[in-house]
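Report on the following structure.
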Amino acid sequence: MKKKQEDKIKVLSARNQILTRPQMWIGSMDSTEVNGFLFKNDKLEWGTINYVPAFLKIINEVLDNSIDAINNSKRDGEIKVNITDEFVEIIDNGPGIPIVKKNIKDIDPTLPEETRKKLADSYLPETCWTQLFAGSNFENDNEVATIGSHGVGSKASAIFSQKFVGTTYNNGLKCVVTCKDNLDKVNTKVSEYSGESGTKVVFYPDLARFGLSKIEDVYKDLIEQRLNCLAVTFSNIKFSFNKQY
């Protein structure tokens, strides 16, 4: 029996809309073939590169956050990227995310009151990593816009991961935000901490959604190549890939 027009219309949550139509947020989910140079074996090699743009995007979203954190702090820093066949780990020694709660007066008053109270009772790291359309670049001022201007960013990385663990150290506190099952489950723990500031994100991508069975070498090569370019652009940041500088 043919569906009626009204039966075809669905209302999705923001998370489920992104999972259903990811192209708008993270790019193509299809394998793409391009010709270009790739830095391999200590030299540039010309050839055909096959990769899924959306998968590369969820890695770069987290990496861009670390770059922004160090640059916005106006100091030198270090970023370590480690990628295995199963997970991605990105560590920086930036200032960390402030481990505080947001004043309810600063939360969009047009949101449902229940949502506003929940956000006001959450620590900022949880908001930054799990709350869609939360960000710091919505002001129309003269500051240079940084990565994440649309309030999605690394939240997409959490949504497209089976497990996403963000840990940040700031002002004598440690906050661990653990997300599971494509951001369906979230747990946040805060404790005292006496070490240096910084942030570490480890995530296990939901590989099947990208048509992958493991994180293939091409993604490691592309990220390593980008880090080499970033090292030239950002002289104040020391980059390493898989524990090699």
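Note that the numbering runs from 1 along the sequence shown for the chain. Side-chain atoms are counted along with the backbone in the values below, which use heavy atoms only and exclude waters and symmetry mates.
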Main-chain N/O of [Y] paired to [X] side chain as donor or acceptor, under 3.5 Å:
X: Tyr219; Y: Val52; value: yes
X: Thr32; Y: Ser28; value: no
X: Ser240; Y: Lys243; value: no

Practice prompt. Could you please spell out the steps behind the ring pair (Phe, Tyr, Trp, His ring centres under 6.0 Å) verdict for Phe203 and Phe87?
Written response: CA-CA 6 Å; Phe203 61 99; Phe87 68 84; 9.3 Å; no
Item to complete: With ring pair (Phe, Tyr, Trp, His ring centres under 6.0 Å) as the test, would you mind laying out the steps for Phe160 and Phe210 before giving the verdict?
Response: CA-CA 9 Å; Phe160 284 93; Phe210 299 93; 5.8 Å; yes
Fill in: Lys180 side, atom NZ; Asn182 side, atom CG - distance, nearest 0.5 Å
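Here the rounded value is 13.0 Å.
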Would you say [Y] and [X] are linked by a side-chain donor-acceptor pair, where the criterion is simply a distance under 3.5 Å?
X: Thr168; Y: Asn170; answer: no
X: Arg75; Y: Asn236; answer: no
X: Thr48; Y: Asn35; answer: yes
X: Glu61; Y: Ser154; answer: no

Item to complete: Assess whether atom CD of Glu196 is packed by more than 12 heavy atoms of other residues, nucleotides or ligands within 6.0 Å.
Response: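 Not more than 12 within 6.0 Å, no.
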Worksheet entry | Whether over 12 other heavy atoms sit under 6.0 Å from Lys105 NZ |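 No, the 6.0 Å shell around NZ holds no more than 12 heavy atoms from other groups.
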Practice prompt. Name the orientation class of the two ring planes belonging to Tyr193 and Tyr169 (parallel below 30°, tilted from 30 to 60°, perpendicular beyond 60°).
Written response: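 Tilted, since the angle between the ring planes falls between 30° and 60°.
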Worksheet item: Do the numbers put Lys101 on top of the ring of Tyr123, so that NZ or CZ is under 6.0 Å from the six-membered ring centre and no more than 45° off the axis?
Response: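 Yes, a cation-pi geometry holds between Lys101 and Tyr123.
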Worksheet item: Can we say Glu114 and Lys118 salt-bridge, meaning some charged N sits less than 4.0 Å from an Asp/Glu carboxylate O?
Response: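 A salt bridge is absent here (no side-chain N lies under 4.0 Å from a carboxylate O).
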Worksheet item: Does Arg116 come within less than 4.0 Å of Asp121, counting only side-chain N to carboxylate O?
Response: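 Salt bridge flag = no for Asp121 with Arg116.
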Worksheet item: Can you find a pair of side-chain heavy atoms, one from Ile104 and one from Lys117, that are under 4.5 Å apart?
Response: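 The answer is yes, as the side chains (C-beta and beyond) meet within the 4.5 Å cut-off.
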Item to complete: Can you sort out the partners of Asp217 under salt bridge (charged side-chain N to carboxylate O under 4.0 Å, His left out), two or more places apart, ordered by chain and number?
Response: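 Here the qualifying residues are Lys220.
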